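Only a predicted model underlies this, so the values are computations on that prediction, with no experimental measurement involved. Just so you know, ligand 1 is whichever comes first in the structure, and atom 1 is the first atom listed for that ligand. Here, residue 1 is the first one in the sequence, and each next residue gets the next number.
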Amino acid sequence: MSRTPVVVLISGTGSNLAALLASARDPQCPYAVVAVIADREASGLEHARAAQIPTEVVRLRDHADREAWDRALAAAVTRHRPELVVLAGFMKLVGPPLLSAFGGRIINTHPALLPAFPGAHGVRDALAHGVKVTGASVIEVDPGVDTGRILAQVAVDVLEGDTEQTLHERIKAAEQPLLVEVVRRLTSPRPVGPQAAGSR
Ligand code: GAR
């Protein structure tokens with residue numbers, strides 16, 4: 001079976017990446033992670049190195065300006081010819097070069113129930129607002145900040161005494177299987193022929 005190539009972008013500890021890699025060890029998994037790219041020396045890159053998957057760091061500070069970094073990031077991703085690009089804790093907005101190369105084929109996971117609490121501090125903002133239920137969302141990436149089409153969501157209760165850290169850990173535990181499920185769905189071959197017509 002040929003697997004759908006996926007590139008994962010990270011900035012942090014990479015627990016979502018680790019879940020994607022664990023699922024890819026299943027011989028029936030429809031995708032393969034072909035590269036992991038970070039915008040910094042993220043500790044999560046270790047998960048990719050341990051799995052002998054190519055890694056690359058494309059740092060903003062190594063480029064003349066944001067536009068040059070955007071172009072370098074798009075070039076790095078394109079070199080691996082992915083069919084799907086997954087932002088798994090990638091803490092920068094992606095610019096026009098990546099969006100025009102992979103429009104509609106970039107997804108992001110976010111630790112809140114969008115459209116509530118977009119941006120870099122989804123967990124902190126939800127806690128500060130006093131919500132009783134928050135969660136995680138997997139969305140299509142568009143030019144806005146967490147404004148793309150919602151593909152899947154999972155709810156997580158906020159508990160008495162939760163800190164940003166305890167709540168984020170519980171969100172991540174729910175977020176990881178959600179992201180894996182969406183990536184598997186998007187990379188599964190679509191049925192063709194009479195069976196497909198019959199199942200419409
Ligand atoms: C995840 O919870 C992800 O939703 C969040 O960063 C965490 C990364 O964790 N992303 C954002 O906040 C994007 N706005 P990980 O590095 O352990 O996968």
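The CG atom of Leu21 sits 10.0 Å away from atom SG of Cys29, with the distance rounded to the nearest 0.5 Å. Atoms NZ and CD, from Lys172 and Glu175 in turn, are 7.5 Å apart once rounded to the nearest 0.5 Å. Interatomic distance, CG of Leu93 versus CG of Leu98, reported as 12.0 Å (0.5 Å rounding). To the nearest 0.5 Å, atom OG1 of residue Thr78 and atom CZ of residue Arg71 are 13.5 Å apart. The CD atom of Glu56 sits 10.5 Å away from the CG atom of Leu45 when rounded to the nearest 0.5 Å. One distance of note links CZ of Arg61 with CG of Asp39; it measures 10.5 Å at 0.5 Å rounding.
Shortest contact from atom 12 (O) of ligand 1 to any protein heavy atom: Pro111 CD, 3.3 Å. Protein heavy atom closest to atom 13 (C) of ligand 1, with residue, atom name and distance, is Met91 SD, 3.6 Å. Among protein heavy atoms, atom 6 (O) of ligand 1 sits closest to Gly89 CA, 3.7 Å.
Taking a 4.0 Å cut-off on heavy atoms, Ser11 fails to register as neighbouring ligand 1. Contact between His121 and ligand 1 is absent, with no heavy atom of the residue lying under 4.0 Å from the ligand. Heavy atoms of Thr109 approach ligand 1 to within less than 4.0 angstrom.
Close approach of ligand 1 to Ser15 (heavy-atom distance below 4.0 Å) involves ligand atoms 15 (P), 16 (O), 17 (O), 18 (O). Taking every heavy atom of Thr13 and a limit of under 4.0 angstrom, the matching atoms of ligand 1 come to 15 (P), 16 (O), 17 (O).
Contact annotation: the side chain of Arg49 approaches that of Thr55 to within less than 4.5 Å [non-hydrogen atoms, C-beta and beyond]. Here the side chains of Leu60 and Arg66 are in contact, with some heavy-atom distance below 4.5 Å.
In terms of polar-atom proximity, Gly14 is counted as a contact of ligand 1, with an N or O under 3.5 Å from an N or O of the ligand. The shortest N/O to N/O separation between Asn16 and ligand 1 falls below 3.5 Å. Checked against a 3.5 angstrom limit, the closest N/O atoms of Glu175 and ligand 1 fall inside it.
For atom 14 (N) of ligand 1, the candidate residues are Gly119, Gly122, Ala120; the nearest heavy-atom contact is made by Gly119.
Contacts between His168 and ligand 1, counted as non-hydrogen atom pairs separated by less than 4.0 Å, involve the side chain only.
Of the N and O atoms on the side chains of Ser15 and Gln176, at least one donor lies less than 3.5 Å from an acceptor on the other residue.
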